[in-house]
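Residue numbering restarts at 1 for every chain, and letters A, B, ... go by the order of the sequence lines. For the numbers below, each heavy atom of this structure counts, side chains included, while hydrogens, waters and symmetry mates do not.
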Amino acid sequence: MKFTEEHEWLRVEGDVVVVGITGHAAEQLGDVVFVELPETETEVTKDDEVCVIESVKAASDILAPLDGEIVEVNEALADEPGKVNEDPIGDAWFFKIKPSDLSQMDDYMDEAAYNEFIG
Amino acid sequence: MADLGELKATPLADMHAELGAKMVPFAGYSMPVQYPLGVMKEHLHCRAAAGLFDVSHMGQVILRGESLDAVSTAFETLIPMDVLGLDENKQRYGFFTNENGGIEDDLMFANRGDHLFVVVNAACKGADVARMKAALEPAISVEVITDRALIALQGPASETALARLNPAVADMVFMDVATVELAGAECWVSRSGYTGEDGYEISVPEYQAEALCRALLAMDEVEPIGLGARDSLRLEAGLCLYGNDIDTNTNPIEGSLIWAIQKARRAGGDREGGFPGASHILGAMAEGVARKRVGFLPSGRAPMRAGTQIFASAEGGEPIGEVTSGGFGPTVNGPVAMGYVGTSYSIIGTELFGEVRGKRMPVKVAKLPLVPANFKR
């Protein structure tokens with residue numbers, strides 16, 4: 001699993017990458033009350049704003065961590081946004097992206113580096 | 001982020017740290033925004049049982065004079081409320097107005113027999129005290145209380161919890177005030193609050209505040225609640241946050257606060273006018289206003305936060321209103337908001353649109369409070 005400085009996690013599953021937010025991010029956001037997911041079959045460029053996540057405190061964006069195509073979104077989050085707090089690394093993935101250049105993954109941190117990053 | 005070291009601490013700062021509070025700067029104070037329970041669960045706990053809030057940042061002021069009538073008469077020159085007609089040991093909501101009829105701050109004031117006890121917002125207290133001193137001294141003394149904490153116990157189990165410390169509090173009803181001994185401290189208690197729930201606000205000597213809080217927190221019903229949940233609780237309760245929902249440019253009639261101006265101060269009343277901006281406020285009462293504060297219930301799940309523009313139609317046109325407070329209401333279990341709309345759009349049930357991230361989402365004008373109040377009348 002890889003981690004971005006935007007507190008996303010990326011897990012490779014075959015030829016797609018599953019994206020979610022870290023437990024640290026979920027804790028910082030507070031109780032998540034609304035998630036707006038991207039459309040599937042959308043072509044995205046790295047750093048595009050693809051999701052909106054709103055907590056009891058504020059709204060924030062989730063950025064596309066890679067160039068590619070959104071191939072699947074986790075519709076369950078729209079009905080149960082609280083899953084983001086309950087199981088951020090598991091059930092509460094946001095979308096799956098089919099990357100056009102998997103080498104972009106190399107830019108991201110491994111778990112040890114991420115843990116150091118969040119101190 | 002501001003350096004918390006430059007901020008003032010309340011007498012309960014050590015207890016907040018021990019409880020694991022997340023502290024944030026608020027009106028010059030380091031205040032707990034949430035505890036480990038989190039905003040959502042704190043909010044729901046307060047509506048289900050009892051929540052303890054530290055509101056020591058608020059200003060506590062005592063007004064004294066030759067007689068209580070002299071004090072009340074003088075205070076009526078600053079606020080459009082019936083102060084003279086307030087019974088002993090009762091409290092009332094009020095606000096300072098300015099020459100244009102705007103609101104300078106909102107407040108609570110109580111008739112405590114030989115003096116008035118006034119509680120004002122933290123962010124405005126310096127200006128409020130200056131205003132009172134300039135207008136009232138030397139005939140009336142304006143004493144700022146700096147050696148007492150202020151806490152609130154709110155929620156349906158508040159009476160059960162507080163009555164364990166002194167059964168006398170159970171006999172109080174909404175807006176009663178009394179001096180009550182709690183955990184060995186002489187407390188000034190009112191049966192009121194700012195959550196829409198039954199509960200108490202308690203002024204306690206600062207050196208005894210922590211012991212009182214610990215006695216309450218030891219009870220199963222009571223959890224500490226931060227400013228985050230305080231905001232969502234007061235929003236569901238339809239209560240204004242000064243600076244967001246009302247400010248120096250808000251005529252109280254626009255702010256839907258006409259209920260707070262008693263008959264004695266209105267046109268034809270015994271003491272009509274006589275407060276700053278009276279002609280603007282009584283004029284607005286007679287002639288109507290162009291905009292009104294209303295509640296909003298967005299139809300979707302997306303919160304409409306402060307600043308969201310409100311439109312009459314799904315496309316085109318100029319904004320007809322704006323959200324001044326908005327977020328997620330845990331008790332409503334959906335987004336809640338309040339704000340202003342043109343008066344012709346202020347009828348309950350009117351279907352409007354709020355623009356969120358460039359998209360117009362349906363929202364209905366809703367009756368305030370958005371959650372029924374639960375006071376002990």
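For Val52(A), the part lying near chain B is the side chain, with the backbone staying farther off; criterion is any non-hydrogen pair under 4.5 Å. Ala59(A) touches chain B through backbone and side chain together, each having a heavy atom under 4.5 Å away. Neither the backbone nor the side chain of Glu27(A) comes within contact range of chain B; no heavy atom of the residue lies under 4.5 Å from a heavy atom of that chain.
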Stepwise side-chain contact (heavy atoms from CB on, under 4.5 Å) test for Val33(A) and Met40(B): CA-CA 9 Å; Val33(A) 297; Met40(B) 185 104 75; 3.8 Å; yes
Chi angles and distances behind the side-chain contact (heavy atoms from CB on, under 4.5 Å) call for Glu54(A), Arg301(B): CA-CA 10 Å; Glu54(A) 296 226 23; Arg301(B) 299 289 298 175; over 6 Å; no
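Taking the side chain to side chain donor-acceptor pair (under 3.5 Å) definition, one finds that Thr308(B) meets it with nothing, sequence neighbours left out. By the side chain to side chain donor-acceptor pair (under 3.5 Å) test, Thr10(B) pairs with Asp54(B), sequence neighbours left out.
Considering only heavy-atom pairs separated by less than 4.5 Å from chain A, the leading option among Gly327(B), Ala302(B), Pro335(B) is Ala302(B). When the candidates Gly30(A), Pro81(A), Ala58(A) are compared by the number of heavy-atom contacts under 4.5 Å with chain B, Ala58(A) comes out ahead.
Within 6.0 Å of atom OH in Tyr114(A), more than 12 heavy atoms from other residues, nucleotides or ligands are found, so the atom counts as buried in its surroundings. Around CD of Glu116(A), the count of heavy atoms belonging to other residues, nucleotides or ligands within 6.0 Å does not exceed 12. Atom CG of Asp101(A) is surrounded by more than 12 heavy atoms from other residues, nucleotides or ligands within 6.0 Å.
The heavy-atom pair separating Arg305(B) from Lys57(A) by the smallest distance is NH1-O, 3.5 Å.
Considering CG of Asp31(A) and CD of Glu42(B), their distance stands at 9.0 Å, rounded to 0.5 Å.
Salt-bridge annotation for Glu49(A) and Arg357(B): absent, with no side-chain N of the basic residue lying under 4.0 Å from a carboxylate O of the acidic one.
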